[in-house]
There are 2 protein chains.
Amino acid sequence: MSRKEEILDAAVTIADRDGLDAVSMRAVADQVGVTPMALYPHIGSKAELLAAMQGRVLSELLPIQAGTDWRDQLRQLAHASRGLARRHPWVGSLMFSRPSVAPDAVRVTDAIYQALLDAGVPAADVPRLERMLSTFVLGYALSETGGRFGPSSQDPRGTRGQLPDGALPAHTRLAQWLAKPADWDDEFATDLADLERLIEALAQPAPE
Amino acid sequence: MSRKEEILDAAVTIADRDGLDAVSMRAVADQVGVTPMALYPHIGSKAELLAAMQGRVLSELLPIQAGTDWRDQLRQLAHASRGLARRHPWVGSLMFSRPSVAPDAVRVTDAIYQALLDAGVPAADVPRLERMLSTFVLGYALSETGGRFGPSSQDPRGTRGQLPDGALPAHTRLAQWLAKPADWDDEFATDLADLERLIEALAQPAPE
DNA sequence: ACCTGAACACCGTTCAAGT
DNA sequence: ACCTGAACACCGTTCAAGT
């Protein structure tokens with residue numbers, strides 16, 4: 001194992017255990033058993049270290065088993081991406097801050113393109129639709145791991161007190177459904193099913 | 001203007017101009033003309049300062065003009081949210097890290113609920129669909145401002161060299177459409193139109 | 001080539017002291 | 001109540017020096 005891989009391993013371990021903020025050059029160096037400055041020849045800078053960490057965990061999405069059904073293919077990739085973000089809760093925020101150009105990341109994009117082509121989506125719409133789907137999947141995963149879907153996101157009881165009566169008519173009408181907590185697994189699957197129908201609607205009758 | 005508002009103004013000004021990383025207690029204190037420790041009685045901690053900044057700029061989405069058409073309503077809110085994220089490029093990352101429970105943010109959610117109810121979406125599906133739509137809109141905005149849609153996100157020519165020939169068959173097939181840069185305004189509008197159709201598909205014939 | 005150690009210019013926050 | 005100033009335990013990174 002090269003020193004660079006050793007450094008990446010240490011950084012990922014720290015991020016998984018203590019969060020991205022705990023990944024300091026000093027902490028990584030400690031874990032490796034070396035002085036902070038010894039990291040620089042191998043990783044360049046902290047920004048490059050973060051990019052390399054992202055590339056490394058994205059490889060966990062591979063290999064993609066070539067399915068015959070585009071629906072299975074997209075579902076598998078979506079669930080795998082969400083799983084990845086749950087195993088490495090820090091990766092979501094990194095995904096939005098740079099293009100995913102690591103070779104393994106581009107392979108994943110290619111698989112999504114292929115699934116959309118198989119579905120019969122016009123070639124001109126494929127790149128846009130890939131961005132839309134990955135934006136949703138990454139956004140959902142980041143909402144879960146980052147805290148947007150956290151407690152009180154559904155039940156704004158505390159907030160309602162600060163607002164005049166009747167300021168939230170739709171919340172009142174939906175009180176019954178806002179009361180019970182969401183099942184994030186179910187919701188993700190249902191969202192994907194809706195998006196699958198969106199894809200079908202865009203597909204042309206003759207897929208080739 | 002209270003001291004707290006003065007502090008929030010200073011923090012937002014710095015973040016808009018130099019990015020979120022430039023918002024340090026020391027920098028904000030400097031801008032206000034006071035010592036760093038003088039901020040604490042007013043804002044509690046840096047984490048609370050960030051939350052307050054988020055709440056403050058979200059208020060720019062108000063007031064929501066009650067439109068008769070749910071389509072107009074959703075489109076306006078989506079474009080306004082994207083515009084907000086472009087005026088304050090730091091807000092996207094904050095949105096994903098905590099529930100939007102500021103009173104003004106809940107008003108926005110209520111307007112979306114109302115639009116979905118007007119569209120005829122079953123009440124049981126409304127909260128889920130609101131989360132799906134806002135996840136997409138916020139994710140799209142963050143992709144633009146954060147850098148995910150940045151250069152080389154579409155044309156992975158550099159990466160392709162690192163991969164064996166034929167590793168990216170779908171990219172090859174789509175070369176023609178991947179070559180020309182995307183128009184992010186157009187793409188956002190097209191995505192919204194697709195999502196509108198998704199909403200229509202979920203709507204029941206009798207909206208009441 | 002690879003690593004160390006001191007230094008620089010920063011952080012958020014605590015604490016005791018001033019008015 | 002509001003603010004200051006010194007201090008503590010951190011940052012990322014440069015630089016000169018060692019092997």
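All figures in this text were calculated on a predicted structure; none of them were measured in a lab. Chain letters run A, B, ... following the sequence lines, proteins first, then strands; residues in each count from 1.
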Across nucleotides 13-19 of chain D, 5' to 3', mark each nucleotide with B, S or - according to how protein heavy atoms within less than 4.0 Å reach it. BBB----
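The interatomic distance linking Asp30(B) (CG) with dT4(D) (C1') rounds to 14 Å, in whole Å. We find that NZ of Lys4(A) is positioned 16 Å from C1' of dC2(C), with the value rounded to whole Å. Leu39(B) places its CG atom 12 Å from the C1' atom of dT4(D), with the value rounded to the nearest Å. Computed from coordinates, the Leu50(A) CG to dC11(D) C1' distance equals 14 Å when rounded to whole Å.
Listed by residue number, the members of residues 10-23 of chain B with any heavy atom below 4.0 angstrom from DNA chain C are Val23(B).
Formation of a donor-acceptor pair under 3.5 Å by the Thr35(B) side chain with backbone atoms of Ala38(B) is not found in this model.
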Let's go through Asp194(A) and Arg128(B) carefully: what are the C-alpha distance in whole Å and the side-chain angles of both, what is the deciding distance for salt bridge (charged side-chain N to carboxylate O under 4.0 Å, His left out) to 0.1 Å, and is it a yes or a no? CA-CA 11 Å; Asp194(A) 279 350; Arg128(B) 171 181 73 82; 2.9 Å; yes
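Side-chain contact check for Met95(A) versus Ser100(A): some heavy-atom pair is nearer than 4.5 Å. Looking at heavy atoms from C-beta onward, Arg197(A) lies in side-chain contact with Glu200(A) at the 4.5 angstrom threshold. Taking the side chain as every heavy atom from C-beta outward, Leu195(B) and Leu74(B) never approach each other to under 4.5 Å. Within the 4.5 Å cutoff, the side chain of His88(A) has heavy atoms near those of the Leu84(A) side chain.
For Arg3(A), a side-chain nitrogen or oxygen approaches OP1 or OP2 of dC3(C) to under 4.0 Å. When the side-chain nitrogen and oxygen atoms of Thr35(A) are compared with OP1 and OP2 of dC3(C), none of them lie within a distance under 4.0 Å. Between His42(A) and dC3(C) there is a side-chain polar atom (N or O) within less than 4.0 angstrom of OP1 or OP2.
In this structure, Arg82(A) is positioned above the aromatic face of Phe188(A), its NZ or CZ under 6.0 Å from the six-membered ring centre and within 45° of the axis.
In this structure, a donor-acceptor pair under 3.5 Å is absent between the side chains of Ser143(B) and Arg131(A).
Of the nucleotides present, dA7(D) is the one that pairs with dT13(C) by Watson-Crick or G-U wobble criteria, both distances under 3.5 Å.
With sequence neighbours left out, the side-chain hydrogen bond (donor to acceptor under 3.5 Å, both in side chains) criterion links His42(B) to no other residue.
Closest contact between the side chain of Ala38(A) and the listed nucleotides dC3(C), dC3(D), dG12(C) involves dC3(C).
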